[in-house]
Amino acid sequence: MEGYIPPTSAGNLQDYEVASKEFTWASVDKEFDWSKGSVYNVAYEAIDRHALNWRKNKIALYSINAEREVQKYTFGELSRISSRVASGLTKLGAKKGDRIFVYLDRTSELYMAMMGIVKMGGIAGPLFSALGPEAVKDRALDSGTNIIITSQYLYERLLPILDDLADLRKIVIVGASGDMDENCVSFDDLLESGDPNFQAINMAPTDPYIIHYTSGSTGKPKGVLLGHRAMVQQCITSRWVLDLREEDTYWCTADPGWVTGTSYGIFGPWYLGTSIVSYEGRFDARTWYDILQRYGVTVWYTAPTALRMLMRAGDDLVKEFDLERVRHICSVGEPLNAEVVRWAMRTMNRRIHDTWWQTETGAHLICNYPCMTIRPGSMGKPIPGVIAGVVDEEGNEVPPGTEGYLALRPGWPSMMLGIYRNTPRFKEYFRIPGWYIAGDQAYRDEDGYFWFMGRADDVIKTSGERLGPFEVESALIEHSAVAEAGVIGKPDELRGEIVKAFITLRPGYKPTEELKEDITKFVKTRLAYYAYPREIEFVESLPKTRSGKIMRRVLKAKELGQPLGDLSTLDD
Ligand code: WTA
């Protein structure tokens with residue numbers, strides 16, 4: 001078919017159709033040392049076992065800081081350092097099942113901390129360093145966090161909220177300077193106190209190793225728990241979808257504050273013993289191309305907004321670099337436009353392989369594989385071992401070409417174990433019997449390819465980052481000028497969506513540009529720098545149901561000039 005892009009070589013997954021028929025999850029067990037009697041722990045499989053063979057001296061991590069200086073760590077080194085972290089935390093009183101937050105920029109200590117926590121049986125809670133103090137507080141209170149590992153400047157950012165965190169016992173500070181509180185320990189002292197030969201704790205497959213906070217359309221962000229058993233799926237998809245091989249150098253551009261940055265920025269590639277590249281700095285087109293070239297990146301996992309920004313930076317720029325070594329490119333997090341796929345073919349002569357999954361799914365579910373023809377704009381097909389469908393409200397599969405709820409048959413290995421202390425929310429995903437309902441709208445074509453249509457709820461995806469309107473509205477109404485706020489995702493060519501806020505003001509406040517700026521600043525410190533409304537519109541009133549709920553659907557339809565739909569519940 002015109003526009004379809006055929007494969008150039010098969011890759012690790014030789015034949016999708018055959019694998020879909022024959023594959024069993026149990027066949028992956030032999031990849032892991034636990035199947036030969038070692039402990040069951042994702043950190044052991046990702047790091048320690050490689051330190052017992054020739055990979056001991058293989059580079060596990062190229063950690064590039066914001067100044068573009070690089071530090072290299074072998075699997076052997078990371079094994080000993082993370083053991084020191086694990087042992088040091090244990091000496092601080094950390095126990096199996098404790099929630100331990102990692103609030104750090106993307107530096108090497110972040111990787112050491114994550115591995116150390118998981119090794120001693122803790123539940124690691126990675127937090128994006130762009131989060132403001134109130135956002136950290138929400139997450140720490142929800143999870144009853146016991147220990148936070150952070151850096152000096154981020155520690156100072158948290159000072160106003162620390163007294164509110166009743167369960168917090170210790171703070172470990174990277175680069176600690178100045179006088180320290182008695183509950184603070186420097187990261188260096190933690191390492192010093194720790195035993196480099198600490199052995200990873202044996203865990204159960206259903207013990208959580210990570211808690212990722214993510215947004216829904218209602219309430220504040222929720223803690224998604226992923227279990228040690230997720231390794232089975234993260235490992236096989238790293239091989240089939242990311243197509244990783246022993247000699248690869250792999251760069252995942254996602255921050256470990258998001259699930260992509262852990263499932264595929266840390267664990268998946270390390271199960272396979274792959275060398276990974278990590279870059280602390282922010283997006284910049286020239287810097288990114290330079291990293292690809294300089295480190296000889298062969299496999300690259302990124303997101304549509306970044307790709308669109310690269311595309312905007314122009315064809316001349318990409319041609320300045322030698323990107324011949326980039327063998328395989330994947331994308332995740334938001335719809336990948338066909339235009340971007342064609343741009344990559346034109347400028348780099350490489351296909352971009354779209355992948356669909358969620359924080360809650362723990363690993364890839366619907367993807368494009370090296371061996372499969374790409375239909376630009378499609379998310380691809382379910383990974384072998386997973387059954388996906390498009391269903392109606394009763395759970396009946398709808399015919400090809402018909403839009404419906406994107407659904408999965410539950411039971412894939414990396415599926416979340418639960419939502420931390422929120423069983424009702426967990427049950428909502430299974431409200432249609434027999435299915436896990438993802439919250440997305442999609443259709444399947446005649447040949448089994450899945451196509452994304454949009455969210456089925458109010459969740460916003462801005463630059464690939466997931467945001468709930470409720471959290472933004474809650475932050476907005478804490479501003480003294482704001483009476484009420486309704487927040488929507490407004491389609492945006494570059495960012496996929498931007499946050500738009502409709503605001504009614506309290507008496508005495510004037511709708512000025514200065515006020516908009518002030519409100520914007522306020523939200524950035526309360527939530528995170530990416531979570532602020534890029535557009536604010538002051539309105540006289542907001543459309544509400546008779547019970548007083550803001551009808552975001554009506555705001556959105558008005559904004560887009562679309563029909564307003566059923567207004568029978570609207571209060572006049
Ligand atoms: C969206 C990211 C279109 C979708 C790993 C999903 C996508 C949500 C794609 C999960 C894709 C993710 N095409 N939309 N390839 N991948 N999404 O939890 O709405 O941050 O439900 O996980 O992102 O976002 P999350």
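Here the structure is a predicted model, which means the values were calculated and not measured. Start at 1 and go down the list; that is how both ligands and their atoms are numbered.
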- Message: Using ring centroids (six-membered ring only for Trp), state whether Phe430 and Trp435 fall under 6.0 Å.
- Response: no
- Protein residues that have a heavy atom under 4.0 Å from any atom of ligand 1, sorted by chain and number: Val259, Thr260, Val332, Gly333, Glu334, Pro335, Asp354, Thr355, Trp356, Trp357, Gln358, Thr359, Met379, Asp440, Phe452, Arg455, Lys461, Arg466
- Would you please indicate if the ring centroids of Tyr301 and His364 are separated by under 6.0 Å? yes
- Message: I want to know whether Tyr250 and Trp300 have ring centres closer than 6.0 Å.
- Response: no
- Query: Taking the six-membered ring of Trp451, is the NZ or CZ of Arg444 close enough (under 6.0 Å from the centre) and on axis enough (within 45°)?
  - Reply: no
- Message: So that I know where these two stand, are Tyr264 and Trp357 an aromatic pair - ring centroids less than 6.0 Å apart?
- Response: yes
- Item | Pi-cation contact, Tyr532 with Lys524 (under 6.0 Å, within 45°) | yes
